[in-house]
Amino acid sequence: MAAFHICVYIDKVVHLAGLRIKHQEELDNLMLTSQPFNTLKLFILATVQYIRRSVTYILSHGGWFVLLSTIFVIASILLVTVDGPHEKHVEEILRYLRFGLWWVALGVASSIGLGSGLHTFVLYLGPHIALFTLKAMQCGRVDIKSAPYDTIQLKSSPSWLGKDCTEFGPPLFSSSHGISVPLTSILPQVQLEAILWGLGTALGELPPYFISRAASLSGGRVEAMEELNTSSNEDEGFISARLNQIKRWFLSHAQYLNFFTILTLASVPNPLFDLAGIMCGQFGIPFWKFFFATMLGKAIIKTHIQTVFIISVCNNQLLHWIENELVWVLSFIPGFASNLPNLVSKLHSMKDKYMVTKPPVSSNIEVKKWDFSPAFVWNTVVWFMLMNFFVKIVNATAQQYLKKQQDIEIAALKNKSSKISDDDNDNDG
């Protein structure tokens, strides 16, 4: 009889092992590219299940929240649809909402996708800050925006970019070397969009954290950490091998991940921060500790460092310092000292010619506006990146839903086997 039980036990183990292999194959094949209909079906089921649970929780724990949300939605619909003197205020609010969503979305697109995001600081925020600084230098004043939302956006350029300086009035800032606008006067004019962009980059770091945390709670590990553990330095380039060594060192020191460590990593340009988010989720760092440190580092510290640097370069303050240092160094080189004054004066004349305010153009001449065709191309790329992330979310959600169903099936099979074993033991007794 004991031999019979052993055979039954071995059969159960083999059956469970084969079932797990089958389940893993089903998970690997469940993607929009290979099984689009099944993947969408499971994604919809998972979404409906999540919505149902959320609604049930809100109805059972947040009656006041439901009531206030309903009142807010009804009031918003009435404000938008009913005509009246409030229309201009509603339009102003909508402009601010579009402005905020635009810069936050650019920030999300920059940091999303485990390092594959679009560098929207280089494409949008950086050029915007540089153009505003140059325009303020040309006009000698910073009050050139018609409103805080008068910035580069998806289908529009800022109104101040195509205007002549005479339309803003006489210069308010000047110095012995020409027009000079202090950094402290320019920074508040571009600070809001920079902080919104930084907030978007912090939000873009959340998907790796949540995916890793979900994998940790289910007893698994995310693909990025598995690849890091199994990868070797063979057949890798020098830079790739060094980066993997740094990542492994980072992974071995995961116990030192705290608020100030996350804040430091988020406050500087850091290609390894995606790995930090994955590790925080894998090792159970609380969400609010991770998000608050990331938001403070990216939206406040890092963004201001980048913004101040661009303003300093375009405002000639950093260039003046570099120029003075170069003149001092070159003055010690034989043959340069006598030619330096002539060279410096020529460079200054070229700069003054570039920075001088252009005369107003007559109304019968067509003024060339800012060509947005490159921006249109990059906007298209941004949408493709967002679509790619949406595909990843659909695949991950569907696979997670299928994994839960598979776990339920295996648990039911184990319970059934345990009951049969208990019945056999009772019969033997």
Side-chain angles (χ1 to χ4, degrees), residues 99-133 136 142 148 151-152 181-210 212 243 246-247 249-250 253-281 283 285-315 317-318 321:
F99 160 77
L101 289 175
W102 165 252
W103 287 110
V104 170
L106 286 181
V108 172
S110 179
S111 61
I112 211 165
L114 292 174
S116 61
L118 189 64
H119 298 289
T120 52
F121 183 89
V122 177
L123 297 172
Y124 293 97
L125 183 59
H128 167 69
I129 297 171
L131 288 171
F132 183 88
T133 304
V142 296
T151 64
I152 298 173
V181 183
L183 183 148
T184 53
S185 298
I186 298 177
L187 180 60
Q189 302 299 320
V190 294
Q191 202 168 22
L192 180 57
E193 48 263 42
I195 292 176
L196 289 172
W197 179 87
L199 175 62
T201 61
L203 293 174
E205 301 292 350
L206 294 183
Y209 171 84
F210 283 127
S212 178
L243 281 176
I246 295 173
K247 289 179 180 179
W249 178 89
F250 196 38
H253 291 73
Q255 67 271 21
Y256 300 110
L257 279 174
N258 53 35
F259 180 87
F260 293 103
T261 306
I262 300 169
L263 176 65
T264 303
L265 292 172
S267 300
V268 295
N270 181 13
L272 301 180
F273 193 80
D274 285 330
L275 182 61
I278 293 174
M279 290 170 59
C280 287
F283 296 106
I285 302 296
F287 166 74
W288 287 112
K289 178 187 288 187
F290 169 76
F291 180 66
F292 185 68
T294 303
M295 182 179 64
L296 185 62
K298 287 184 172 290
I300 305 299
I301 301 176
K302 178 184 173 183
T303 300
H304 279 80
I305 292 174
Q306 294 172 314
T307 304
V308 167
F309 175 77
I310 292 180
I311 294 175
S312 300
V313 171
C314 297
N315 199 26
Q317 294 179 359
L318 182 61
W321 178 81

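Everything quoted here is computed from the prediction, not taken from an experiment. The analysis underlying the following values was restricted to heavy atoms, covering all of them including side chains, and did not include hydrogens, waters or symmetry mates.
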Trainee: What's the separation between atom CZ in Phe99 and atom CD1 in Ile152, rounded to the nearest 0.5 Å?
Mentor: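 CD1 of Ile152 is found 11.5 Å from CZ of Phe99.
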Trainee: Kindly write out the residues that satisfy side chain to side chain contact (heavy atoms under 4.5 Å, CB included) with Phe287, not counting sequence neighbours, or none if the list is empty.
Mentor: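 For Phe287 the side chain to side chain contact (heavy atoms under 4.5 Å, CB included) partners, ignoring immediate neighbours, are Leu206, Tyr209, Phe210, Phe291.
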Trainee: Does Thr261 reach the side chain of Asn258, with side-chain heavy atoms less than 4.5 Å apart?
Mentor: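 Side chain of Thr261 against side chain of Asn258, heavy atoms only: contact under 4.5 Å found.
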Trainee: Can you see which heavy atom on His128 is nearest to which on Val190, and at what distance?
Mentor: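 Shortest heavy-atom contact: NE2-CG1, 4.2 Å.
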Trainee: Between Thr201 and Thr303, is there a side-chain heavy-atom distance shorter than 4.5 Å?
Mentor: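 They are not in contact (no side-chain heavy atoms under 4.5 Å apart), so the answer is no.
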Trainee: Does the side chain of Ser312 reach to within under 4.5 Å of the side chain of Val308, using non-hydrogen atoms?
Mentor: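 Result yes, sub-4.5 Å side-chain heavy-atom pair found.
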Trainee: Compare all side-chain heavy atoms of Thr151 with those of Phe132 and state whether any distance is below 4.5 angstrom.
Mentor: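 No. Closest side-chain heavy atoms not under 4.5 Å.
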Trainee: Report the distance from atom CH2 of Trp197 to atom OG of Ser111, rounding to the nearest 0.5 Å.
Mentor: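 With rounding to 0.5 Å, CH2 (Trp197) is 8.0 Å from OG (Ser111).
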Trainee: Do Met295 and Ile300 have side chains that get closer than 4.5 Å, going by heavy atoms?
Mentor: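 No, every pair of side-chain atoms sits at 4.5 Å or beyond.
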Trainee: What pair of heavy atoms forms the shortest contact from Ala299 to Leu199, and how long is it?
Mentor: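 Where Ala299 meets Leu199 most closely, the heavy atoms are CB-N, 3.6 Å.
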Trainee: In Å and rounded to the nearest 0.5 Å, what is the CD1 to CD distance from Ile129 to Gln306?
Mentor: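 One finds 8.0 Å between CD1 of Ile129 and CD of Gln306.
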Trainee: Sequence neighbours excluded, which residues qualify as side chain to side chain contact (heavy atoms under 4.5 Å, CB included) partners of Ile305?
Mentor: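 Result, side chain to side chain contact (heavy atoms under 4.5 Å, CB included) vs Ile305: Ile301.
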Trainee: Can you list every pair that meets salt bridge (charged side-chain N to carboxylate O under 4.0 Å, His left out) and has a residue in residues 100-109, with sequence neighbours left out?
Mentor: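 Listed once each, the pairs would be none.
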Trainee: Got a sec, which pairs hit salt bridge (charged side-chain N to carboxylate O under 4.0 Å, His left out) with one end in residues 188-204, sequence neighbours left out?
Mentor: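 Listed by first then second residue: Lys145-Glu193.
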Trainee: Identify the two heavy atoms, one from Ala293 and one from Ala266, that lie closest to each other, and give their separation to 0.1 Å.
Mentor: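 Result for this residue pair: O-CB, 4.2 Å.
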Trainee: CG of Leu265 to CD of Glu205: how many Å apart, nearest 0.5 Å?
Mentor: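 These two atoms lie 11.0 Å from each other.
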Trainee: Is there a side-chain contact (heavy atoms from CB on, under 4.5 Å) between Leu192 and Trp103 once you walk through the steps?
Mentor: CA-CA 10 Å; Leu192 180 57; Trp103 287 110; over 6 Å; no
Trainee: For Phe260 versus Thr264, what's the shortest heavy-atom pair and its separation?
Mentor: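 Closest heavy-atom pair between Phe260 and Thr264: O-OG1, 2.8 Å.
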Trainee: Taking C-beta and beyond as the side chain, do Leu203 and Val104 meet within less than 4.5 Å on heavy atoms?
Mentor: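 Of all side-chain heavy-atom pairs linking Val104 with Leu203, at least one is under 4.5 Å.
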Trainee: Are Ile310 and Thr133 side-chain neighbours, meaning at least one heavy-atom pair lies under 4.5 Å?
Mentor: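 With C-beta onward as the side chain, the pair stays apart.
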Trainee: Can you tell if the side chain of Thr307 reaches within under 4.5 Å of the side chain of Gln191, non-hydrogen atoms only?
Mentor: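 Contact flag for Thr307/Gln191 side chains = no.
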Trainee: Mind checking side-chain hydrogen bond (donor to acceptor under 3.5 Å, both in side chains) for Thr294 and listing every partner two or more places apart, or none if nothing turns up?
Mentor: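 Testing Thr294 for side-chain hydrogen bond (donor to acceptor under 3.5 Å, both in side chains), a comparison that skips the adjacent residues, returns none.
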